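Starting from 1, each residue takes its place in the sequence as its number. Whatever order the structure lists them in is the order used to number ligands and atoms, beginning at 1. Computed from a predicted structure; not experimentally measured.
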Amino acid sequence: MGRRIACALVVAGLVIPGAAFAARDGLDVAIGRAIFARLWVPAPASTRHADGLGPLFAARSCASCHSAEAGRTRFRLGRDDPGQDPGLVVRLGSAVGAPDPVYGAELQPEGLGKVPGEGRAAVTFAASGKPFWRLEAPGYGPLAPDTAMSARVAPSLAGLSLLQRVPEAAILARAATEARDGVSGRPHWIEGPEGRALGRFGWKASEPTLAAQAAAAFTLDLGLSTERRPEGAGDCTSSQAACREAPHGARPGEPEVAPDLFASLVAFLEHRPTPPPPAPSPRGVTLFASTGCAACHAPSLPLGDGAEVAAFTDLLLHDMGPGLDDGVGEQTAASAEWRTAPLWGLSRTLAQGSGLLHDGRAATVADAVRWHEGEAAPARARFEALTPAERKTLVDYVSGL
Ligand code: HEC
Ligand code: HEC
């Protein structure tokens with residue numbers, strides 16, 4: 001029924017664009033919110049537009065990993081059991097970004113019917129605190145010898161449409177300026193169906209748009225096909241025969257997620273509110289710049305229309321050194337390279353007890369900085385050389401973003 005209303009208004013929107021636009025927009029977002037929360041079911045089911053889950057999957061809905069209020073998942077590595085946490089995704093691959101030949105690009109712990117789940121991620125820690133992942137109860141034999149595991153927490157979805165709007169030229173200009181400061185951020189170019197595009201989303205900036213990210217989530221996390229990624233069997237490889245042969249929700253020539261519902265979901269993602277601006281802290285701002293944090297965590301990026309976005313990221317990849325290198329490359333991002341994490345909304349992430357860094361291993365800002373090596377080593381050294389009072393001012397400022 002929701003679908004029928006959407007279509008009617010889209011048609012109305014075409015007839016009287018100005019007048020109908022706001023209403024159509026609001027309705028799209030409302031439908032998108034419902035799709036985001038929808039618990040998908042296995043095919044075939046009587047509820048045709050809600051089936052097609054799996055056969056291998058990591059969760060049943062977007063909302064089981066990303067909270068409806070769009071904060072980061074609450075998982076903190078070292079405190080919470082990764083095998084129990086649905087807000088975690090484990091990427092599989094080699095250092096040069098090749099997926100595992102049997103398990104594919106992501107671990108799907110859940111399987112439907114006769115299709116066994118792929119197993120659970122378990123972790124141990126080196127003396128340094130660096131996590132090492134292994135596959136427990138593997139459903140399809142051992143991982144390939146050069147396959148490593150990269151655990152990622154589900155990020156907050158707040159303000160993402162602004163990051164999508166930053167002009168490509170502004171990001172490339174940043175990369176050129178940074179090179180002068182001894183930091184060498186580089187764009188993550190992605191070869192996709194629409195040609196070469198600049199990656200912006202995900203911990204390694206592997207998806208250029210929110211639509212591309214949502215399509216990847218449907219395939220990899222939920223096992224659902226979309227127009228962008230029509231493969232019905234999700235991340236099942238040719239070695240996972242039962243998975244490839246299991247029923248899926250698509251009719252020939254049609255994806256499991258109908259295009260209009262997909263468009264509404266993207267509209268919902270594009271309308272997530274922006275994190276509120278931090279309380280003023282002139283001293284904090286100065287220390288953030290003089291310590292070198294701002295070289296990567298750009299306090300502002302232009303939006304191209306005179307406005308700016310204060311997300312504290314440059315959307316570029318940086319080599320962060322061995323402590324954050326988990327052995328999994330992705331597209332052309334090396335295993336030690338990560339996108340500068342946006343720091344806006346950090347106060348909320350900390351308040352809800354979520355871990356920091358891509359795998360949620362750090363409990364505080366100082367803890368996160370301790371893992372900054374590689375290109376960030378000079379900034380970390382300056383951070384450690386601050387007086388205790390200065391360090392507290394800087395940490396309080398960042399913790400309040
Ligand atoms: C099993 C958990 C899980 C599910 C289900 C899931 N996500 Fe995610 N999502 C993640 C993780 C983890 C990341 C970070 C991925 C990475 O960096 O590799 C992410 C990243 C994202 C991002 C990019 C955020 C950013 O800051 O760059 C968006 C947008 C997103 N997901 C939307 C969705 C949508 C829409 C759905 C449903 C179709 C969905 N996700 C389903 C875990 C999940
Ligand atoms: C060379 C670039 C670079 C510099 C310089 C840098 N960072 Fe980062 N920062 C990153 C990247 C990349 C990540 C994401 C790493 C990951 O998740 O594995 C990150 C992550 C973080 C996080 C965790 C954010 C989150 O959402 O989990 C915090 C906090 C942080 N940085 C604070 C700082 C502070 C404070 C400074 C200055 C002392 C600093 N950074 C300097 C690149 C940098």
Side-chain angles (χ1 to χ4, degrees), residues 32 35-36 38 40 57-66 72-73 85-91 106 108-109 150-160 163 178 181-185 200-207 210 213-218 220-222 224 226 257 262 265-266 268-269 272 287-288 291-297 312-314 316-320 323-326 330 336-343 345-346 349-350 354-362 364-369 371-372 374-380 382-384 386 394-395 397-399 401:
I35 301 300
F36 188 79
R38 168 176 285 175
W40 296 85
F57 59 101
R60 286 174 192 270
S61 71
C62 306
S64 26
C65 293
H66 299 281
R72 178 178 302 184
T73 177
D85 199 280
L88 210 61
V89 149
V90 179
R91 301 239 162 224
E106 184 176 309
Q108 286 96 20
S150 174
R152 318 265 174 95
V153 299
S156 162
L157 302 179
L160 295 184
L163 297 184
E178 282 180 8
D181 302 334
V183 166
S184 51
R200 295 167 192 245
F201 298 109
W203 288 97
K204 284 195 187 284
S206 292
E207 299 295 345
L210 291 170
Q213 177 77 47
F218 272 124
L220 295 171
D221 304 337
L222 302 164
L224 285 153
T226 53
V257 182
F262 182 81
L265 176 69
V266 173
F268 168 74
L269 293 175
R272 296 303 77 228
L287 284 166
F288 192 74
T291 309
C293 311
C296 301
H297 297 282
F312 300 88
T313 175
D314 54 7
L316 296 170
L317 293 176
H318 296 274
D319 182 334
M320 296 297 283
L324 289 169
D325 184 343
D326 57 19
E330 199 174 305
E337 283 183 318
W338 299 95
R339 176 193 70 165
T340 303
L343 299 180
L346 203 74
T349 303
L350 290 167
S354 309
L356 304 185
L357 298 173
H358 66 270
D359 51 12
R361 71 174 77 172
T364 62
V365 168
D367 245 10
V369 173
W371 290 103
H372 281 53
E375 288 173 46
R380 174 187 156 178
R382 282 191 291 271
F383 178 83
E384 283 162 358
L386 295 174
L394 178 54
V395 165
Y397 167 66
V398 175
S399 306
L401 292 177

Is the closest side-chain heavy-atom distance between Asp221 and Phe57 below 4.5 Å? no
Any heavy atom of Leu163 under 4.0 Å from ligand 1? The part involved is neither
To check your reading of the model: name the closest protein heavy atom to atom 15 (C) of ligand 2, its residue, and the distance in Å. Leu357 CD2, 3.8 Å
Which residue holds the protein heavy atom closest to atom 11 (C) of ligand 2, what is that atom called, and what is the gap in Å? Met320 CE, 3.6 Å
To which protein heavy atom is atom 32 (C) of ligand 2 closest, and what is the distance rounded to 0.1 Å? His297 NE2, 3.9 Å
Could you tell me the residue and atom name of the protein heavy atom closest to atom 3 (C) of ligand 1, and the distance to it rounded to 0.1 Å? Cys65 SG, 2.6 Å
In the protein, what heavy atom is nearest to atom 13 (C) of ligand 2, and what distance, to one decimal place, separates them? Ala341 N, 3.7 Å
What I'd like to find out is whether the side chain of Arg72 reaches to under 4.5 Å of the side chain of Leu356, using heavy atoms alone. yes
Tell me, do Thr349 and Ser156 make a side-chain contact under 4.5 Å, heavy atoms counted? no
Below 2.8 Å, can you find an N, O or S atom of His66 next to atom 8 (Fe) of ligand 1? yes
Residue selection (non-hydrogen contact nearest atom 42 (C) of ligand 1) among Ala216, Ala205, Ala154: Ala154
Please identify which atoms of ligand 1 are closer than 4.0 Å to at least one heavy atom of Val89. 1 (C), 2 (C), 12 (C), 42 (C)
Near Ala379, which atoms of ligand 2 are under 4.0 Å from a heavy atom of that residue? 5 (C)
Residues Arg152, Glu330; criterion salt bridge (charged side-chain N to carboxylate O under 4.0 Å, His left out); working and verdict: CA-CA 13 Å; Arg152 318 265 174 95; Glu330 199 174 305; 2.8 Å; yes
Work out whether the distance between some heavy atom of Arg339 and some atom of ligand 2 is less than 4.0 Å. yes
Measure the distance from atom 26 (O) of ligand 2 to every protein heavy atom, then report the residue, atom name and distance (to 0.1 Å) of the closest one. Arg72 NH2, 2.5 Å
Should you measure from each heavy atom of Leu356, which atoms of ligand 2 turn up under 4.0 Å away? 27 (O)
Within ligand 2, which atoms have a heavy atom of Glu375 less than 4.0 Å away? 1 (C)
I need the atoms of ligand 2 closer than 4.0 Å to a non-hydrogen atom of Cys296, numbered in the order shown. 1 (C), 2 (C), 3 (C), 4 (C), 5 (C), 43 (C)
Closer than 4.0 angstrom: is that true for some heavy atom of Pro86 and an atom of ligand 1? yes
Any idea which of Arg152, Gln108, Glu106 brings a heavy atom closest to atom 18 (O) of ligand 1? Arg152
Sub-4.5 Å side-chain heavy-atom contact between Phe36 and Ser61: no
For Arg91, the ligand 1 atoms with a heavy-atom partner under 4.0 Å come out as 18 (O)
heavy-atom search around atom 20 (C) of ligand 1 in the protein gives Gln213 NE2, 3.5 Å
Any N or O of Glu330 that comes nearer than 3.5 Å to an N or O of ligand 1? no
Atom 8 (Fe) of ligand 2 and Cys293: any N/O/S contact shorter than 2.8 Å? no
With only distance considered, is Gly202 within less than 3.5 Å of ligand 1 through an N or O on each side? yes
May I ask whether Arg382 places a heavy atom under 4.0 Å from ligand 2? no
Which ligand 1 atoms does Leu265 reach within 4.0 Å, using its non-hydrogen atoms? 35 (C)
Does Gly292 have a non-hydrogen atom less than 4.0 Å from ligand 2? yes
Is Arg200 near ligand 1, meaning one of its heavy atoms is under 4.0 Å from it? no
Closest to atom 16 (C) of ligand 2 among protein heavy atoms sits His358 ND1, 3.5 Å
Considering non-hydrogen atoms of the protein only, which is the closest contact for atom 39 (C) of ligand 1, and what is the distance? Ala217 CB, 3.5 Å
Which protein non-hydrogen atom lies closest to atom 6 (C) of ligand 2, naming both residue and atom, and how far is it? His372 CD2, 3.4 Å
So the atoms of ligand 1 within less than 4.0 Å of a heavy atom of Leu160 turn out to be 24 (C), 26 (O), 29 (C)
Side chain to side chain, Val365 and Leu346, heavy atoms closer than 4.5 Å: yes
Less than 4.5 Å apart, side chain to side chain, heavy atoms only: is that true for Arg91 and Leu220? yes
Scan side-chain atoms only and decide if His318 and Ser184 contain a donor-acceptor pair under the 3.5 Å cut-off. no
Contacting atoms of ligand 2, where contact means under 4.0 angstrom from a heavy atom of Thr340: 11 (C), 12 (C)
Which of the listed options, Ser61, Ala58, Ser156, holds the heavy atom that is closest to atom 5 (C) of ligand 1? Ser61
Among Cys62, Gly159, Ser206, Ala214, closest by any non-hydrogen atom to atom 36 (C) of ligand 1: Cys62
Number the atoms of ligand 1 from 1 as they appear, then name those within less than 4.0 Å of a heavy atom of Val153, with their elements. 11 (C), 12 (C), 14 (C)
Arg272 to Phe268 six-membered ring, cation-pi geometry met (6.0 Å, 45°): yes
Give the ring-plane orientation class for Trp40 versus Phe218, where under 30° counts as parallel, over 60° as perpendicular and anything between as tilted. perpendicular
Per-atom contacts of ligand 2 with Ala376, taking only distances under 4.0 Å to non-hydrogen atoms: 1 (C), 3 (C), 4 (C)
Around atom 17 (O) of ligand 1, find the nearest protein heavy atom and jot down its residue, atom name and distance. Trp203 N, 2.7 Å
Distance to 0.1 Å, residue and atom name: give those for the protein heavy atom nearest to atom 28 (C) of ligand 2. Leu343 CD2, 3.6 Å
